[in-house]
Amino acid sequence: MSTGAHGNRPTRNQQREAARAKAKELREQQVKNDKRRRLFLQGGIGLGIIAIATIFIVTLATSGPKEGPRPANMASDGIVLSGSGMGAILSDAGAPGSDPIATTPTPGSSTVNIVVYQDYLCPACKAFDQANADQLQTLVEAGAATLELHPIGMLASRSAGTQYSMRATAAAACVAEYSPNTFWAVNQAFYLNQPQEGTPGWNDDEIKALIAQQKPQNQTKIDKCIADQTFIPWAKQATDYALNGPMADAAKQSGANGVGTPTILVNGKVYTGSIVDPKEFLAFITQVAGDSASTTPATPAAG
């Protein structure tokens, strides 16, 4: 899906200042209410921005084995970034071929949870990232949000036979496994250097070089992981699961004609507004945070 430019867009500094102000407002509201919200991270995911034909989903679902090792630090099939430096919350790899485990929020947490399903070949995903990355980082580093990124390969058939989306997803999993705290930088590099749909995209050596520029830990292990295609089976399984399970269910509930990327939810609520308007997205985050605070039962006082 193509997205047009919007006039009078705020500068990045203005976006960051607005995000900081809203982050402060959220935290003050949460303390004032003293109603610690429980976040419900659902495996379900909502309305996609790019509609995908059912026949493509079915083909992809049967295109690869549902086995092979799972990456560490992606128990939910996504990596959760939190706090200063956009560091990753670590998790075990899980058994090969096993289903993902939905992220469980810490009881009493006052942090908004933002989940994004994305494809590194998807132009709309790049547009969302370009418009919102700065304020997302500000909210996460301020402690007002966590960001859970789910790379998937739903556009694997749109790279002249090279399966670029699937290979990029698997390479991202290698980074999650061996250098999780570099994931955000690598994620941004994938979008900054996004190939066009219909082209072969980057080959594996070029992907390795792109990742190396972000100065990850364990580069040798990451390179071997990519060369051995260690997480290709997982990437296919994660894509199949997202398209035919949670994303399909949520799209059906929202009345969408299909599922697609980027799909974004905040505290389990699907964002259906403009993906290139950071003010609109921030307003949605603020609204959801307020709704969560007002509907969370107060903790009974000790007797």
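Here, residue 1 is the first one in the sequence, and each next residue gets the next number.
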Nearest 0.5 Å, please: how far is [atom2] in [Y] from [atom1] in [X]?
X    : Y    : atom1 : atom2 : result
C174 : Q229 : SG    : CD    : 10.0 Å
D77  : D99  : CG    : CG    : 8.5 Å
F281 : I264 : CZ    : CD1   : 6.0 Å
I232 : M166 : CD1   : CE    : 7.0 Å
S157 : L155 : OG    : CG    : 7.0 Å

Report the C-alpha distance between L139 and L282 in whole Å, list the side-chain angles of each, state the deciding distance to 0.1 Å, and finish with yes or no for side-chain contact (heavy atoms from CB on, under 4.5 Å). CA-CA 10 Å; L139 290 169; L282 185 60; 4.0 Å; yes
Verify, without hydrogens or angle tests, whether [X] (side chain) and [Y] (backbone) share a donor-acceptor contact under 3.5 angstrom.
X    : Y    : answer
R70  : P96  : no
N73  : P180 : no
E148 : V116 : no
N132 : I275 : yes
T239 : A235 : yes
Q214 : A189 : no
R167 : W202 : yes
S98  : G94  : no
S76  : P100 : no

Can [X] and [Y] be counted as having a side-chain donor-acceptor contact under 3.5 angstrom?
X    : Y    : result
T261 : D119 : no
E197 : S159 : no
D129 : Q188 : yes
S179 : N218 : no

Any side-chain heavy atom of [X] within less than 4.5 Å of one from [Y]?
X    : Y    : value
L147 : M86  : yes
I114 : L136 : yes
L81  : T146 : no

Which heavy-atom pair separates [X] from [Y] by the least distance, and what is that distance?
X    : Y    : value
K208 : Q219 : O-NE2, 3.7 Å
T199 : P195 : OG1-CB, 3.8 Å
P262 : C125 : N-SG, 3.5 Å
V259 : M154 : O-CE, 3.9 Å
V276 : A127 : CG1-CB, 3.8 Å
P71  : F231 : N-CE2, 3.4 Å

Tell me if the centroids of the rings in Y164 and Y120 come within less than 6.0 Å of each other.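 That pair fails the under 6.0 Å test.
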Atom NZ of residue position K269 - does it have more than 12 heavy atoms of other residues, nucleotides or ligands inside 6.0 Å?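 Counting neighbours around NZ of K269, more than 12 heavy atoms of other residues, nucleotides or ligands fall under 6.0 Å, so yes.
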Greater than 12 external heavy atoms within 6.0 Å of Q217's CD: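 It does not: Q217 CD has 12 such atoms or fewer within range.
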side-chain contact (heavy atoms from CB on, under 4.5 Å) assessment of N203 paired with I207: CA-CA 6 Å; N203 63 37; I207 291 176; over 6 Å; no
Give me the one residue out of Q130, K126, Q118 that meets side chain to side chain donor-acceptor pair (under 3.5 Å) with Y191.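 Exactly one option meets the side chain to side chain donor-acceptor pair (under 3.5 Å) with Y191, and it is Q118.
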